[in-house]
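Scroll down for the structure; my scribbles are underneath it.
This chain uses plain numbering: 1 for the first residue, then up along the sequence.
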Amino acid sequence: MKTIFILEDETGIRDALQLLLSFEDYDVRSFSTVEAFNSRDLSNVPDIFILDVMMPDGSGIDVCNELRENPETANIPIMIMSAHAKDHEVISRCNADEFISKPFDIDAVLLKIDNLLVASN
């Protein structure tokens, strides 16, 4: 079973993603703040990260850059989500593998996740 870590502050989006991805047979762990994400069990490494850009206590862009700088997580696929940022802005500020604009189509999200997981193997 593949593991996905989600950093998303909006409860509805976080819960919907967690539920839908669980139905697709993913082990999903979600975090509502950057602080909670940074306090996670580092021995548990996911197969993909999904990060929201605007967080109440930080930025998904900064988290993305930290993950890329860490040798333990540098090669794990990262998907960035935002309702406000544009994909070219995010890609230039963070070396993310994919970008999803909110609101999103869950089928498009699932396809991008599948493609990232295939590419990373």
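Looking at residues two or more places apart in sequence or on another chain, you find no side-chain hydrogen bond (donor to acceptor under 3.5 Å, both in side chains) involving Arg40. Applying the side-chain contact (heavy atoms from CB on, under 4.5 Å) test to Asp105 and every residue at least two apart in sequence or in another chain returns Asp107, Ala108.
Across all their heavy atoms, Cys64 and Ala96 have their closest contact at SG-N, 4.1 Å. Closest approach of Leu42 and Val45 over heavy atoms only: O-CG2, 3.8 Å.
A salt bridge links Glu8 to Lys102: one of the charged nitrogens lies within less than 4.0 Å of a carboxylate oxygen. With respect to the salt-bridge test (charged N to carboxylate O, under 4.0 angstrom), the residues Lys112 and Asp97 do not qualify.
Thr3 places no side-chain N or O within 3.5 Å of a backbone atom of Pro46 that could act as its donor or acceptor partner. When atom types are taken as modelled, the side chain of Asp57 and the backbone of Glu35 share a donor-acceptor pair closer than 3.5 angstrom. Checked by atom type and distance alone, the side chain of Asp27 never pairs as donor or acceptor with a backbone atom of Lys2 at under 3.5 Å. A donor-acceptor pair is defined here as one N or O able to donate and one able to accept, closer than 3.5 Å; no such pair exists between the side chain of Asp52 and the backbone of Glu10. No donor-acceptor pair closer than 3.5 Å links the side chain of Arg29 to the backbone N or O of Phe5. Although no hydrogens or angles enter the test, the distance criterion places no donor-acceptor pair under 3.5 Å between the side chain of Asp62 and the main chain of Gly58. Side chain of Arg68 to backbone of Asn95: a donor-acceptor contact under 3.5 angstrom is found.
At a threshold of 4.5 Å between non-hydrogen side-chain atoms, the residues Ile76 and Leu67 do not count as touching.
For CG of Asp41, the number of neighbouring non-hydrogen atoms (other residues, nucleotides, ligands) closer than 6.0 Å is greater than 12.
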